[in-house]
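Contents: one structure, followed by commentary.
To find a chain, count down the sequence lines: A is the first, B the second, and so on, and within it residues start at 1. Below, all heavy atoms of this structure are taken into account, side chains as well, without hydrogens, waters or symmetry copies.
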Amino acid sequence: MSQQILELVEKPVLKTEIPSFAIGDTVDVHTKILEGDKERIQIFTGVVIARSGSGSREMFTVRRIVANEGVERKFPLHSPKIEKIEVVRSGVVRRAKLYFLRDRVGKAVRLKERRRDGGAE
Amino acid sequence: MAIGILGRKVGMTQLYDEAGQVVPVTVIEAGPCDVLQVRTVERDGYEAVQLGFANLPRRSASKSVRGHVAKLDSKRSKRRSSGGVELVAKAGCEPKRFIREIRGAAGELAVGGQVKVEALANVKAVDITGISRGRGFSGAIRRHNFSGQRATHGVKKCHRALGGTGASAFPSRVVKGKRMPGQYGAATTTVRNQKLVKVDAENNLLLVLGAVPGPKGGYVVIRETNMV
């Protein structure tokens with residue numbers, strides 16, 4: 001019963017259309033940021049290494065390498081500040097959390113691409 | 001009566017405000033509460049309204065509990081009413097699990113009436129009283145945020161002990177109120193001036209900014225805050 005009540009409360013803030021993206025996908029996250037009083041869109045591109053939580057509390061983590069330094073950003077999936085999420089590329093992965101990527105540098109960071117139209121490369 | 005209601009803590013979640021900021025809220029299922037008794041200065045020496053929340057099945061309610069909320073046909077009540085004694089007004093509702101009084105003049109409320117969440121529609125902030133989660137007999141580290149002792153340098157088998165509790169010849173006793181291990185939690189706790197995010201009259205729900213004492217499913221008393 002409690003769970004149903006919580007879902008009822010969360011429902012209005014949930015986004016109706018979330019693009020289906022999976023762990024290992026490379027995504028463009030469009031976030032609204034406020035500069036002074038002007039709003040503009042900033043894009044953060046990287047690999048989705050984790051999704052956590054459920055309902056309005058769901059978060060996802062995006063990792064990329066900037067100037068040889070690993071950068072991770074964790075976004076609330078249903079935040080109104082996230083304009084859209086675009087899948088650029090899908091990767092072949094066998095686990096739900098790609099924390100092993102943190103220990104890798106250079107070429108080892110790459111993931112094998114998964115073709116959406118079926119069949120291997 | 002001061003504006004107040006009884007409820008049950010459902011759990012916490014998060015919402016977003018217009019600016020896109022996360023708003024942590026506690027969801028409370030509040031009311032509808034039946035008015036079981038009205039306390040008056042003449043009869044009781046103080047003014048209050050007794051509310052009851054959450055039905056208890058009749059089969060598991062004792063006769064005294066059932067008789068508190070509704071009229072029972074007992075020999076004694078028959079004898080009293082035939083003898084001309086005016087019986088106390090009863091709410092005539094189901095037995096209640098959670099019964100509390102809220103101080104203040106009854107106003108328009110009478111025995112048998114109901115209090116719903118709409119009563120809090122214009123309230124900005126509330127005080128919430130509940131029973132905090134019980135942690136049992138806890139040490140000083142957990143209970144009072146002591147730091148414990150060192151892991152090495154000759155500390156022997158007392159790494160989480162609280163250390164000295166007094167001085168020497170003076171005062172040669174432990175001062176009163178010294179923080180020590182003991183029962184922690186399961187005590188009545190009030191959080192004050194919690195902002196109300198939303199009053200959902202349709203589903204009898206209250207959304208309160210921040211945390212509320214007690215476990216999920218714990219009963220709480222919600223009153224309009226008297227903080228300025």
Side-chain angles (χ1 to χ4, degrees), chain A residues 1-19 21 27-46 48 50-62 71-86, chain B residues 5-32 53-57 97-98 116-117 120 126 128 130 133 194-220 222:
Chain A
M1 190 58 205
S2 296
Q3 201 53 45
Q4 278 97 308
I5 294 174
L6 283 184
E7 278 168 19
L8 186 82
V9 171
E10 286 172 3
K11 212 174 173 191
V13 299
L14 296 185
K15 284 182 182 169
T16 43
E17 36 192 70
I18 304 159
F21 64 92
V27 291
D28 282 354
V29 185
H30 298 244
T31 50
K32 290 181 201 162
I33 57 167
L34 217 59
E35 271 180 358
D37 46 299
K38 271 175 85 179
E39 206 177 56
R40 68 178 192 87
I41 303 281
Q42 192 183 54
I43 300 173
F44 188 83
T45 310
V48 179
R51 276 175 88 152
S52 62
S54 65
S56 68
R57 289 150 291 167
E58 188 164 351
M59 310 274 281
F60 64 99
T61 311
V62 179
V71 176
E72 282 180 17
R73 275 189 77 177
K74 199 167 185 182
F75 298 98
L77 186 60
H78 294 281
S79 168
K81 280 192 175 172
I82 293 182
E83 182 79 8
K84 64 177 172 182
I85 305 162
E86 277 178 332
Chain B
I5 197 166
L6 312 181
R8 187 181 69 90
K9 177 170 161 181
V10 174
M12 287 193 76
T13 183
Q14 62 185 34
L15 307 174
Y16 298 94
D17 64 7
E18 301 86 41
Q21 295 289 325
V22 167
V23 183
V25 294
T26 305
V27 182
I28 298 172
E29 195 183 359
F53 174 71
N55 287 347
L56 178 71
R97 281 183 195 278
F98 186 57
K116 292 187 169 181
V117 268
L120 280 83
V126 289
I128 298 179
R133 287 188 189 197
Q194 298 285 88
K195 303 283 172 294
L196 267 186
V197 177
K198 195 181 165 193
V199 176
D200 186 347
E202 196 183 327
N203 302 304
N204 292 319
L205 296 179
L206 280 178
L207 303 192
V208 180
L209 186 71
V212 161
K216 289 174 193 169
Y219 293 117
V220 289
I222 304 134

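- Only the side chain of Val27(B) comes within contact range of chain A, judged by heavy atoms closer than 4.5 Å.
- Counting heavy atoms from C-beta outward, Ile28(B) and Val10(B) have side chains that stay 4.5 Å or more apart.
- Aromatic rings of Phe98(B) and Phe53(B) (six-membered ring for Trp) have centroids beyond the 6.0 Å cut-off, not under it.
- Inter-residue side-chain proximity for Leu120(B) and Val126(B) is flagged as met; some heavy-atom pair is nearer than 4.5 Å.
- Contacts of Leu34(A) with chain B are absent, with no heavy-atom separation under 4.5 Å from either backbone or side chain.
- Side-chain contact between Phe60(A) and Ile82(A): present, with at least one pair of heavy atoms (C-beta onward) separated by less than 4.5 Å.
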Candidate pair Val197(B) and Val208(B), rule side chain to side chain contact (heavy atoms under 4.5 Å, CB included), full reasoning: CA-CA 5 Å; Val197(B) 177; Val208(B) 180; over 6 Å; no
What are the sub-3.5 Å donor-acceptor pairs between chain B and chain A, distances to 0.1 Å?
{"from": "Thr13(B)", "atom 1": "OG1", "to": "Glu10(A)", "atom 2": "OE2", "distance (Å)": "2.5"}
{"from": "Thr13(B)", "atom 1": "OG1", "to": "Ser56(A)", "atom 2": "OG", "distance (Å)": "3.3"}
{"from": "Gln14(B)", "atom 1": "O", "to": "Ser56(A)", "atom 2": "OG", "distance (Å)": "2.6"}
{"from": "Tyr16(B)", "atom 1": "OH", "to": "Ser56(A)", "atom 2": "O", "distance (Å)": "3.4"}

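- The side-chain contact (heavy atoms from CB on, under 4.5 Å) test applied to Pro57(B) returns Arg59(B), Ser60(B), Arg97(B), not counting sequence neighbours.
- Considering only heavy atoms from C-beta on, Val71(A) comes within 4.5 Å of Phe44(A) through its side chain.
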